[in-house]
Amino acid sequence: MNKVYEIYKNLYDFYGPQHWWPADNWFEVTVGAILTQNTSWNNVEKSIENLKQRDLLEPKKLSEIKENDLAQLIRSSGFYNLKSKRLKNFLEWLKKYNYDIDKIKDKSVTSLREELLNIKGIGKETADSILLYAFEMPIFVIDAYTKRMFLRLGLISGKEYDEFQDFFEKNLRRDVQLYNEYHALIVKHSKVYCKKMPKCSECFLKEKCKWGVNNL
DNA sequence: GTCCGGTTGT
DNA sequence: ACAACGGGAC
């Protein structure tokens with residue numbers, strides 16, 4: 001059996017399902033994806049709650065409020081002026097589909113990805129998070145955690161986002177639920193053990209990890 | 001003081 | 001390759 005899927009099974013057996021993305025609906029996922037750029041999820045939750053309590057967490061309502069007001073509402077997420085603008089850019093794109101997820105899903109994952117990447121403030125990771133977790137399309141999300149963990153495991157030597165993405169998509173069956181769970185498990189493991197200062201001696205993957213073996 | 005479920009402009 | 005954007009938690 002291939003090693004990439006084997007790691008997945010190890011992680012799933014150890015941690016169990018992660019229930020990602022934590023949100024009530026697809027739009028909440030997209031807002032969270034933009035707000036969590038280089039920001040801890042804890043701080044994003046406060047912003048989401050803030051918007052919910054004011055009954056503003058809907059595309060049309062967020063489109064109508066002023067950029068500066070939105071910035072203040074999402075203050076806890078950091079980079080709030082930037083992110084307010086980025087949300088507005090995204091909402092402008094959504095408007096072309098009448099804020100209708102069904103119309104969006106009529107398009108192919110390839111063309112949607114291109115459209116998302118053309119929005120200022122949405123890069124590869126955010127685009128892929130939206131495609132996978134909000135639109136439920138089969139695309140593997142790469143982030144700093146994924147790179148760090150799999151470089152340490154010694155399973156990949158590349159450096160670029162696309163190299164990592166190809167690596168996962170070539171070694172796994174094209175499956176939204178699998179991609180969803182795997183990325184979430186990588187984040188979990190990277191927060192608990194495969195941190196910047198890793199806890200190799202306590203890690204259950206140490207025997208099959210280059211970094212871990214060297215740190216025993 | 002460090003780190004965070006990044007992206008952009010130089 | 002590197003600075004800018006930034007609040008909140010530990």
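Chain letters run A, B, ... following the sequence lines, proteins first and then strands; every chain starts at 1.
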Name the first nucleotide and the last nucleotide along DNA chain C (5' to 3') that come under 4.0 Å of a heavy atom in chain A. C:dC5 to C:dA9

Heavy atoms within less than 4.0 Å of DNA chain C: which residues of residues 109-141 of chain A have one? Give them sorted by number. none

Using distance only, find each side-chain donor-acceptor pair of residues 122-130 of chain A under 3.5 Å and give its atom names and separation, not counting sequence neighbours.
from	atom 1	to	atom 2	distance (Å)
A:K124	NZ	A:D162	OD1	3.4
A:K124	NZ	A:D162	OD2	3.3
A:T126	OG1	A:Q37	NE2	2.9
A:D128	OD1	A:R113	NE	2.7
A:D128	OD2	A:R113	NH2	3.0
A:D128	OD2	A:Y161	OH	2.6
A:D128	OD2	A:Q165	NE2	2.9
A:S129	OG	A:E125	O	2.9

Side chains of A:S77 and A:T39 only: does a donor on one sit below 3.5 Å from an acceptor on the other? no

With a 4.0 Å cut-off on heavy atoms, is A:N43 in touch with a base, just the backbone sugar-phosphate, or nothing at all? base

Using the C1' atom in both, what is the distance from C:dG6 to B:dT2, to the nearest Å? 14 Å

Among pairs that include at least one residue of residues 150-159 of chain A, which meet side-chain hydrogen bond (donor to acceptor under 3.5 Å, both in side chains), considering only residues two or more places apart or in two chains? none

Give me each pair satisfying side-chain hydrogen bond (donor to acceptor under 3.5 Å, both in side chains) with a member in residues 178-190 of chain A, each pair once, sequence neighbours excluded. A:Y15-A:H189

Using a 3.5 Å distance criterion without hydrogens, assess whether the side chain of A:K46 forms a donor-acceptor pair with backbone atoms of A:I74. no

Please list, chain by chain and in numerical order, all residues satisfying side chain to side chain donor-acceptor pair (under 3.5 Å) with A:R174, sequence neighbours excluded. none

State plainly whether the residues A:E92 and A:K95 are in salt-bridge range, i.e. N to O under 4.0 Å. no

Between B:dG5 and A:W41, is there a base-stacking contact, meaning the centre of the base's six-membered ring lies under 5.5 Å from the residue's ring centre while the planes stay under 30° apart? yes

C1' spacing across the pair B:dC3 / C:dC5, given as an integer number of angstrom: 15 Å

Of the listed B:dG5, B:dT7, B:dC4, the closest approach to the A:K196 side chain comes from B:dC4

A:F168-A:F150 aromatic ring centre distance below 6.0 Å: yes

